[in-house]
Amino acid sequence: VLFGLLSLMTWASNNVSLSLLRGDTIEQRRIMTSLIEFNDPKTVELKEELSSGRPINILALGGSVTWGALLSDRQDAYPWLIGKAYNTNFGIPCVVDNIAMRATGAHYPSLCLETMIPESATKSYDIILFDFVMNGTDGFPLLLKRLRQRYPDAVVVYVHIWSLVHLARDPITRQKPRSVGFDPTIDWIWSPDTFNPNLNVNGKINCGREICDGAVMEKLVKDAGGYVYKMPLPETPKQAIANGWFAVDWHHLSKRGHENLAEGVLEFLLPLRGDVFKPKTLGSFGVGDQCYNWFQDGNITGINYSGANLKNLIAAQTKNQPDSAKWVLEINSQTNNGSITFESMFGIPVPIGLSYMSKQEGSKYSLVEVSTNDNTPIQIDPNLNHNTVEAHITVYSNIGWANPESNTLAIRTVERRESPFRVVGIFLCGVCAETGDLGTGALNRQVGL
């Protein structure tokens, strides 16, 4: 295998200039230059591992960009492109677990990491990538802590992906593209803060979330032994538009944008290859977690419900792309009442997070009360969240405690509005049992739950 790799490196060295002249894609050019850089003295200690063909595992967490939203093929999202490049560059089998979730921030994996990981009891990771930025920072410190406890030797990289639609400003009105139109001919300028573009009028950082400052985010990552990769910011927004990095919504990356990002992350990882390939220690999930979430796949195994209907919110758009569906349990608009029964595997009471759809403007979701095992109900207004007013997202509230074995949630509509209450998941956080605190992502945390 090693002889084959060295021969391939020699071939790549002779063909880089041909690749550039031929106009190969970013990914193809990076594959060749990576091969040359890989053939240096620092890789001598890796020969034994390379010759044994040890696979490497990559874990990717994040929101809709990392998930691959608006791509015709989700396998063109940057985590999978990185995995393909490792395989093609070095002949090393690479498994990529992209468990990113659309319309969701760091709060979900922070509470449900063990549940989300495939083969979580035994699987380890060499590289962990995550992209949570300003609108997904609730729960980020807990997520980082849990990742490090379970995967202490993994190369952890926080990938800062910026959004053109949030950062571009009209040079005259200072308004965003959603206000003045997606016009590529405007001489757009950048917002002064690429992490939190929604500064208040005094320029103070105040976003209503757990982390509002990019410097704080980066310090947390570095203090945990991780690394920060920032997606390059061109001199002007028009350059990003001309480069074709974004999809039609100017928020999600295009295929070319994902290729550009994968190229940059690959180059960033090259000096870290010693840490990537070294053997990894597997730590602990602690008390762990047990989560039910049907938002992306409609899988309600382990859940019994009444007075509700399982529904794909975007059925018309996803007829030919079933993996792009958004599934909810919609409380019956006729009876206005529903119930959900589930089992807890824990031998102790653990706090429950109820996840549901939320939007500040447009949806006008019904106001409900939720009681757990006939205890005092908690009121939930789905029109309140920590995000931008136009974002249609999943959020959660702390609704009480789950007992060992069977539990029942009773959901009663208090004020009927245009849209019924829509549930997407139930989170049982064992690692939160000592304090009962589900973090700042819980929208009712301020009332003492």
Side-chain angles (χ1 to χ4, degrees), residues 57-71 74-83 96-113 115-118 125 127-144 146-148 151 154-166 194-196 209-211 214 217-218 220-221 224 226-231 245-247 249 251-255 257-262 264-266 268-269 291 293 295-297 323-324 326 355 386-388 391 393-395 424-425 441:
N57 295 327
I58 297 177
L59 175 65
L61 300 123
S64 56
V65 175
T66 296
W67 185 85
L70 298 191
L71 292 172
R74 285 186 56 217
Q75 294 291 319
D76 288 327
Y78 79 92
W80 281 303
L81 293 182
I82 291 171
V96 177
D97 290 328
N98 185 348
I99 59 173
M101 181 168 286
R102 294 161 295 163
T104 306
H107 66 264
Y108 175 51
S110 77
L111 302 177
C112 301
L113 184 64
T115 302
M116 295 176 70
I117 299 291
Y125 290 99
I127 301 170
I128 298 176
L129 308 170
F130 50 93
D131 78 355
F132 303 107
V133 196
M134 182 269 294
N135 65 350
T137 62
D138 286 333
F140 183 82
L142 177 59
L143 172 61
L144 192 57
R146 295 193 69 191
L147 285 171
R148 267 298 175 229
Y151 310 109
V155 175
V156 174
V157 182
Y158 165 54
V159 183
H160 182 148
I161 304 173
W162 46 269
S163 167
L164 181 62
V165 75
H166 289 306
T194 61
F195 182 85
N196 180 22
R209 303 179 184 93
E210 188 161 4
I211 301 174
M217 193 88 154
E218 293 176 18
L220 282 170
V221 174
Y227 302 88
V228 176
Y229 173 79
K230 294 184 177 181
M231 178 177 160
W245 288 354
F246 289 89
D249 65 353
H251 174 65
H252 295 95
L253 294 179
S254 64
K255 181 180 178 181
H258 278 279
E259 288 178 349
N260 177 64
L261 184 60
V265 175
L266 274 168
F268 183 83
L269 287 169
C291 298
N293 193 312
F295 182 59
Q296 295 198 146
D297 58 14
D323 65 341
S324 297
K326 295 182 178 180
S355 183
H386 296 162
N387 213 296
T388 54
I393 56 174
T394 69
V395 297
V424 300

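Inter-residue side-chain proximity for Glu218 and Lys230 is flagged as met; some heavy-atom pair is nearer than 4.5 Å. Between Asn57 and Tyr151 there is no side-chain heavy-atom pair separated by less than 4.5 Å. Between Lys255 and Asp76 the shortest side-chain heavy-atom distance falls below 4.5 Å. Within the 4.5 Å cutoff, side-chain heavy atoms of Met116 are placed close to those of Tyr108. Between Ile211 and Leu220, some side-chain heavy-atom pair lies under the 4.5 Å cut-off. Counting only heavy atoms from C-beta outward, the side chains of Tyr229 and Leu261 approach each other to under 4.5 Å. For the pair Leu71 and Leu253, the minimum side-chain heavy-atom distance is 4.5 Å or more. Looking only at side-chain heavy atoms (C-beta outward), Ile82 and Leu129 come within less than 4.5 Å of each other.
The backbone N or O of Leu59 sits nowhere less than 3.5 Å from a side-chain atom of Asp97 that would complete a donor-acceptor pair. Without hydrogens or angle criteria, Arg102 side chain to Gly68 main chain gives no donor-acceptor distance under 3.5 Å.
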>> What verdict does the side-chain contact (heavy atoms from CB on, under 4.5 Å) test give for Val165 and Asp249, after you've listed the backbone C-alpha separation in whole Å, the side-chain angles of each residue and the deciding distance to 0.1 Å?
In response: CA-CA 7 Å; Val165 75; Asp249 65 353; over 6 Å; no
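For the atom pair Asn260 CG and Leu81 CG, the distance stands at 11.0 Å (nearest 0.5 Å). Interatomic distance, OG1 of Thr104 versus CZ of Phe132, reported as 8.5 Å (0.5 Å rounding). Expressed to the nearest 0.5 Å, how far CZ of Arg74 lies from OG1 of Thr66 amounts to 10.5 Å. To the nearest 0.5 Å, atoms CE (Met101) and NZ (Lys326) are separated by 11.5 Å. Once rounded to the nearest 0.5 Å, the distance linking OG of Ser163 with CE of Met231 reads 9.5 Å.
When all heavy atoms of Ala77 and Asn98 are compared, the closest pair comes out as CB-ND2, 4.4 Å. In terms of heavy-atom proximity, Thr137 sits nearest to Pro141 at O-CD, 4.2 Å. Heavy-atom minimum distance, His252 versus Ala69: CD2-CB, 3.5 Å. Contact record, Val424 with Asn293: O-OD1, 3.4 Å, taken as the closest heavy-atom pair. Considering all non-hydrogen atoms of both residues, Ala154 and Tyr125 come closest at CB-O, 3.4 Å. When all heavy atoms of His251 and Ser64 are compared, the closest pair comes out as NE2-OG, 4.5 Å.
Shown here are the ring-ring contact (aromatic ring centres under 6.0 Å, His included) partners of Phe140, two or more places apart in sequence or in another chain: Phe130.
Residues Tyr78 and Asp131 have side chains that never bring a donor and an acceptor to within less than 3.5 angstrom of each other.
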